K.L.:
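Handing you a structure now.
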Amino acid sequence: MEGLEVTVLLGLAILTGTALAPRLRIATPLMLVVIGLLLGFVPQLRDIQLPPETVLLLFLPVMLFWESLTTSLRAVRRSLRYIVPMSTLLVVASAFAVAGIATLFGVPFHTALLLGAAVAPPDATAVAALGRLLPERTFMKLKAESLTNDGTALVLYAIALSLSLGENVTGWSITAMVLVSYLGGAAAGIAVAALAYVGLRRSRQALTINITLLLVPFAAFLVAEWIGASGVLAVVFSGLVIAWSHSRITTATSRRQASAAWPFGVFLLNGALFVLIGLEVQFVVHDVPPRQIGMLLLITLATWAALVVVRYLFQLLFAPFSRPPAAATYSRHRARVVSTVAGFRGAVSLAIALSVPTSIAGIGELTGRDIVVFVTGGVILLSLLVQGPLLPAITRWARLPADETAADEYELAERTITGAAVAAIDDIAAEHGVSDAVRDRARREGYEMLELSNARAYARQSAADDARIAELETALGQTDATGAGSGGTAESDPSSADAPASTSGEGAAPASVRRLVVPSAHDTGAAAGGSGPAASLEMLAESDGVDLTQRSPLTRFDETMRLKLALIDRKRTVLQRLRREGTIDDLVVRRVEARLDLDELRLRGVDQTG
């Protein structure tokens, strides 16, 4: 088929899957894989091949870069004890376990190790697509593991390929390969991200910023390939560095553009990849001699089962070395089961399998590539179509505690930055020459936002307390509970000053909640906007009730805009301080910053920003 026909076909498949998945109540990626399998029954469509370089050079850089940008850096730092062994030792253990099982079916060890390297790493994009129902902390740990384990799998693949081709492999060469892959990949990603930071630090043009950020993952991958390092790790490290410096090198307009374009583009690439996985599996099945399919199916089932068992046993054996939770009110066994089921395979596994040369020894009529591609495709399907639908049920069975940390931190951030802006409004108004009337109106609006934020925090705390009371009463068998309410106190920042509380309004929180602690700091200032030449006006109506002693509406509007923009700058300053201190998470910062960006764009206008 021609390229245009394939593009239209993939677009229609993604559209169909996206429309049908909610109606059938299944995850969209699963629907797209099924559509790919169904399309594979058409002989002409089975000719659509997925070159490995397409996955490695087109799909993965964009998808992994976006997943790195949307990963919590604080969660990565706090979960290193989990992430490091799971992304290195577990991948090695899984690869050798699969290789051992494959050799029992007569597969040469070198070919079996290639298969193990292909199926060992869970895929970050599959985890991101199917693991959204997990608690936030568990989801971030799995995502960080999946982002960093590809480097280990690619090193194993290089070692197995060298052995298969008869090349000399020593301990020193393996050590050098590991060091170059990890350290070189990290260095390439950091270097490219640093160059992007230097280039964008003074740029204010939204298109320039977003085009540069789009080039970062491809440039990082290219530099890593030049030095023989892991391009996947280079993309991940570049994404993490850009995520850390994102607020300093982007503008409100560029962030709004990116927040709309990146998720949509990544969704399309993900959807196309899932459809192509289904087509590729159909091609491999029809390309294999029918009498060999039974044995390959047995190898596929054994490989999939081995990956699941090894993942669970590895977590069980390393449990004594992991940091126990502060208050473990849930079964750690059930948490390990959830993590085991959430280990999906995807794009990286398929790319490794498709990269295997046809000259690799296999069994009888089957080449090593036939075995690796067939089994890898089958494992991907089993992980997506079996583990995917099971994950929601397993998560409900595990009864993992709800993670309300992000919601609490979001409310804390909103109260703190609003309180800081209100506390500094007198200084900001004086600095920007704002009249008392405009200043007082902005102060009233700030108080109303504080009152709303405090009321929301109080309502959430009360609802959480009531839910815990109801759960306890149910556990104790008290069916005649009286349903006593409980009060909650909002978390406060000890380095701040009191903010006034409203004395009226429905849903007002008690004094202990309304008392807000805010930092006191001097504003860094915001540039005042100028006005362009006046256009000719036509009088449409007159009014005798105009007070000529009042300031011009245009003047009041200009003052209001200058004051509100300066207050937004103050909020951003306090927000970044909260992030540096570790009070709030990176993802919470992005949520709050997105709201501030909308406020700024409403004031300036999209075309006048950046």
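Quick caveat: nothing in here was measured; it's all calculated off a predicted structure. By convention here, the first residue in the shown sequence is residue 1.
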K.L.:
Can you list every pair that meets salt bridge (charged side-chain N to carboxylate O under 4.0 Å, His left out) and has a residue in residues 284-309, with sequence neighbours left out?
P.N.:
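Matches after skipping sequence neighbours: R291-E365.
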K.L.:
Using distance only, find each side-chain donor-acceptor pair of residues 93-109 under 3.5 Å and give its atom names and separation, not counting sequence neighbours.
P.N.:
{"residue": "S94", "atom": "OG", "partner": "L90", "partner atom": "O", "Å": "2.8"}
{"residue": "T103", "atom": "OG1", "partner": "A99", "partner atom": "O", "Å": "3.3"}
{"residue": "T103", "atom": "OG1", "partner": "G100", "partner atom": "O", "Å": "2.6"}

K.L.:
Show which side-chain atoms of residues 212-235 pair as donor or acceptor with protein atoms under 3.5 Å away, not counting sequence neighbours.
P.N.:
{"residue": "T212", "atom": "OG1", "partner": "T208", "partner atom": "O", "Å": "2.7"}
{"residue": "S230", "atom": "OG", "partner": "L233", "partner atom": "N", "Å": "3.2"}

K.L.:
Apply ring pair (Phe, Tyr, Trp, His ring centres under 6.0 Å) to F314 and list each qualifying residue two or more places apart in sequence or on a separate chain.
P.N.:
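F314 satisfies ring pair (Phe, Tyr, Trp, His ring centres under 6.0 Å) with F318 only.
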K.L.:
Taking side chain to side chain contact (heavy atoms under 4.5 Å, CB included) as the test, write out the residues that go with T367, two or more places apart.
P.N.:
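So T367 forms a side chain to side chain contact (heavy atoms under 4.5 Å, CB included) with R369, D370.
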K.L.:
Does any pair with a residue in residues 377-389 pass side-chain hydrogen bond (donor to acceptor under 3.5 Å, both in side chains), and if so which ones, sequence neighbours excluded?
P.N.:
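Output for this query lists W304-Q387.
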K.L.:
Are the side chain of T148 and the backbone of A144 linked by a donor-acceptor contact shorter than 3.5 Å?
P.N.:
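Yes; at least one donor-acceptor contact below 3.5 Å.
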K.L.:
Is a salt bridge present between R255 and D597, judged by a nitrogen-to-oxygen distance below 4.0 Å?
P.N.:
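Looking at D597 together with R255, the answer is yes, because their closest N to O distance falls below 4.0 Å.
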K.L.:
Would you list the pairs meeting salt bridge (charged side-chain N to carboxylate O under 4.0 Å, His left out) in which at least one residue belongs to residues 296-311, sequence neighbours left out?
P.N.:
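Listed by first then second residue: E145-R311.
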K.L.:
Residues in side chain to side chain donor-acceptor pair (under 3.5 Å) with D586, at least two apart?
P.N.:
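Testing D586 for side chain to side chain donor-acceptor pair (under 3.5 Å), a comparison that skips the adjacent residues, returns R579.
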K.L.:
Any chance you could measure R334, atom CZ, to L400, atom CG, to the nearest 0.5 Å?
P.N.:
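Output value for this atom pair is 9.5 Å.
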K.L.:
For F344, enumerate each residue passing the ring pair (Phe, Tyr, Trp, His ring centres under 6.0 Å) test, keeping only those at least two apart in sequence or located in another chain.
P.N.:
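Per chain and number, F344 pairs via ring pair (Phe, Tyr, Trp, His ring centres under 6.0 Å) with no residue.
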K.L.:
Would you compute the distance between atom CE of M140 and atom OG1 of T70 and round it to the nearest 0.5 angstrom?
P.N.:
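M140 atom CE to T70 atom OG1 measures 6.5 Å (nearest 0.5 Å).
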K.L.:
Please tabulate, for the side chains in residues 10-33, all donor-acceptor contacts under 3.5 angstrom to protein atoms that are two or more places apart in sequence or on a different chain.
P.N.:
{"residue": "T16", "atom": "OG1", "partner": "L12", "partner atom": "O", "Å": "2.8"}
{"residue": "T18", "atom": "OG1", "partner": "I14", "partner atom": "O", "Å": "2.7"}

K.L.:
Could you list the residues that satisfy ring pair (Phe, Tyr, Trp, His ring centres under 6.0 Å) with Y312, not counting sequence neighbours?
P.N.:
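Scan of Y312 (ring pair (Phe, Tyr, Trp, His ring centres under 6.0 Å), adjacent residues dropped) gives H333.
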K.L.:
Sort and list the pairs that fulfil side-chain hydrogen bond (donor to acceptor under 3.5 Å, both in side chains) and have at least one residue in residues 115-124, not counting sequence neighbours.
P.N.:
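Every side-chain hydrogen bond (donor to acceptor under 3.5 Å, both in side chains) pair that includes a residue of residues 115-124, provided the two are not neighbours, is D123-T125.
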